[in-house]
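Accompanying notes for the structure given below.
First the proteins, then the strands, lettered A, B, ... as listed; each starts at 1.
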Number of protein chains: 2
Amino acid sequence: MARKAVGIKDVAREAGVSVTTVSHILNDVEFARASDETRERVKSTAERLGYGANRIARSLRRQQSEMIGLLSEEIATTPHAGRIILGAQEAARKRGLTLVLINTSRDELDIQRDTDALLRQQVDGVLYATMYHREIDLPRSLRSVPTVLIDSTSQDGSVPSVVPDEEGGAYVAVNELIGHGHRRIGFVTNSDDVPATRGRLAGYRRALAEAEVEFDPRLVVAEQSETPGGYKAARSVLDRDRADRPTALFCYNDRMAMGAYRAAAELGLRIPADLSIVGFDNQELIAEGLYPALTTVALPHFEMGEWALGALAELMVGDADSAAKDSYQPAVLSCPLVRRDSVAAPRPAGGSAGD
Amino acid sequence: MARKAVGIKDVAREAGVSVTTVSHILNDVEFARASDETRERVKSTAERLGYGANRIARSLRRQQSEMIGLLSEEIATTPHAGRIILGAQEAARKRGLTLVLINTSRDELDIQRDTDALLRQQVDGVLYATMYHREIDLPRSLRSVPTVLIDSTSQDGSVPSVVPDEEGGAYVAVNELIGHGHRRIGFVTNSDDVPATRGRLAGYRRALAEAEVEFDPRLVVAEQSETPGGYKAARSVLDRDRADRPTALFCYNDRMAMGAYRAAAELGLRIPADLSIVGFDNQELIAEGLYPALTTVALPHFEMGEWALGALAELMVGDADSAAKDSYQPAVLSCPLVRRDSVAAPRPAGGSAGD
DNA sequence: TTGTACGCGTTATCAT
DNA sequence: ATGATAACGCGTACAA
């Protein structure tokens, strides 16, 4: 506990007024009127004494803790989670809210236990962050507390949620390739059927369609979403005649792109001269470490954390009546392209630009 | 705020005793004695009602919040920070403590402001985590609160701190190489003069000395601690006659090792057949993504977070008198080797094993 | 315009 | 062996 003993009484005594007046002035109470002169005096002495209301006493009185709990699966095991936390934290600070952290496993029982623990700490609301974009059903104990989901959506839309625009991200990625003149673009994708997989495929197809290049299923190959999977998939999609071979690869994530780099190297394909690559996730460790540096698409983790906290704050003030609102659409935040050095125009292959 | 209205009074009424008795029993108060029978009854009804003490009221009464603040520079921008948080969080939970997060910049003024904010939230103690191992002087406002440092040490040893055993880590890394028969081992290191640089160099030299191989300054080359730096350094150290060239490289961190992989590839050196490499940091994204997977040394981030929270908890109970203790030695936690596929025996070069 | 006194849910002290 | 009650620091209805 802080050693400082400066309380509201000290301020009152020092300023020669009652605690009521101090409280009124410092909390900007509507109806309470004080002379401008005392207002000033109270504020300045409070400042001078370094007074700040004891949050615990205030919480007890107001029946709200001003703490919000961030419940996260396998917290920050991934750099992504860190950005979410950061975004939420800064937004919380701006509103005078405090962020408390609870990490939980993906086990149903653990989640139940951990949320209960969170609630016992009287958090005013909770942010529930999953490790990657997917659908969940809300832990039962969270139904009684304002909650917003990060990187996942609830089945029934009963709570607000925010997710990345997977499709839009894939679209800009593929469009970057198309803009450089590529027409045969491979898609090294993930074999898990999660929203990200579906969304990125949709974005890939949409970009192709808009550019009027026909979708060729032989150019999309799915593997596990790790580096070795990326390698395998890239080998397979690249292993064909020069004329038939894609001139560019869109990879499901940066790890798979890392595998694709190796495949390209083994095949004697230089990046980006012989093969352009764009990834997804903007894992800086990888994207900046690869040579040449990887052009990729950033997931808006910081922004999601920020948005979620804002939504939660609103939910918390309007709790009384608007609790009836029971159908939220997920907010989808856009995924910006970050250009580095892995994209260039294709080499003039055989001549014709048609397919 | 949680909706649940079950308070101590409810338990008391339900169990047919006074709140005093309930409090005594649930808090295991020494001197207060109650019949075993009521004990049982109280405990079971508390359980049945799902009672948990209101932490805010308890804090107000006990004059301690049971919250500890984690002040971190650029929180979780790095995956490392995440592991620290995780370790601290789990240790906190075990003790019934709550972790609140504050991120701060490295700017002196911001730190001051942020710590003040933290203290106003009546945290009982603070963990101060820096982004990488270095020396700092403690923000003034933290002198009044139990504090422990993570990944940094204070100039004057006035607070406990925990740091990784850089030297020991480097020692096991180089020893792994020596154990496989390498004698000419290059060191691709960092040009910044930070504790990690000094410690890892010391470990390198100690391992060499113990194996009775002479230290050759031409084999250590320093560059910026990023991937391109690793590439440059590795090129430079590898660019010599076959007989003179090191058969293995110890890299300052995994990013530099990533650069070294590229250098090796360009030189036509296969890993680990022609060149063994070991890194430092165990950044899984890189270490597992490289091909072949990188043998490296893990920084004990989780353990540091855990240790720090334990130390802080002790500091908090013994605050009264032992505040006099004013000279702490940093705790140094060991860095284990994690073996993957980048180390093998050197190829029989010219024949002689001497230097 | 300002001050007094009570309540928030616990724990701790002191009676019984 | 158990219960009544003050106190923690603040906010606020109500009296002055």
**Request:** Please check if any side-chain donor atom of A:S72 sits under 3.5 Å from a side-chain acceptor atom of A:N103, or the reverse.
**Result:** no
**Asked** Under 6.0 Å from the CZ atom of A:R48, do we count more than 12 heavy atoms belonging to anything else shown?
**Response** yes
**Prompt:** Rounding to a whole Å, what distance do you find between B:I25:CD1 and D:dT2:C1'?
**Reply:** 10 Å
**Request:** State plainly whether the residues A:R39 and A:D36 are in salt-bridge range, i.e. N to O under 4.0 Å.
**Result:** no
**Complete:** Here the distance between atom P of C:dG9 and atom CG of B:L26, to the nearest Å, is 17 Å
**Prompt:** When you check every protein heavy atom under 4.0 Å of nucleotides 8-16 of chain D, what one-letter string (B, S, -) results, 5' to 3'?
**Reply:** BBBBBB---
**Asked** If you count the non-hydrogen atoms of other residues, nucleotides and ligands that lie under 6.0 Å from CZ in A:R143, is the total more than 12?
**Response** no
**Request:** With sequence neighbours excluded, tell me which residues meet side-chain contact (heavy atoms from CB on, under 4.5 Å) with A:R55.
**Result:** A:E66, A:T98, B:Q121, B:Q122
**Prompt:** Checking side-chain hydrogen bond (donor to acceptor under 3.5 Å, both in side chains) for the pair B:T21/B:S18: CA distance, chi angles, key distance, verdict?
**Reply:** CA-CA 5 Å; B:T21 308; B:S18 72; 3.1 Å; yes
**Asked** Salt bridge between A:E37 and A:R41, side-chain N to carboxylate O under 4.0 Å?
**Response** yes
**Heavy atoms of other groups near B:Q329 CD, more than 12 under 6.0 Å** = no
**Item:** Axial bend angle, the helix from C:dT1-D:dA16 to C:dT16-D:dA1: five-pair end segments, nearest 10°
**Value:** 50°
**Message:** Between A:S18 and C:dG3, is there a contact of a side-chain N or O with OP1 or OP2 at under 4.0 Å?
**Reply:** yes
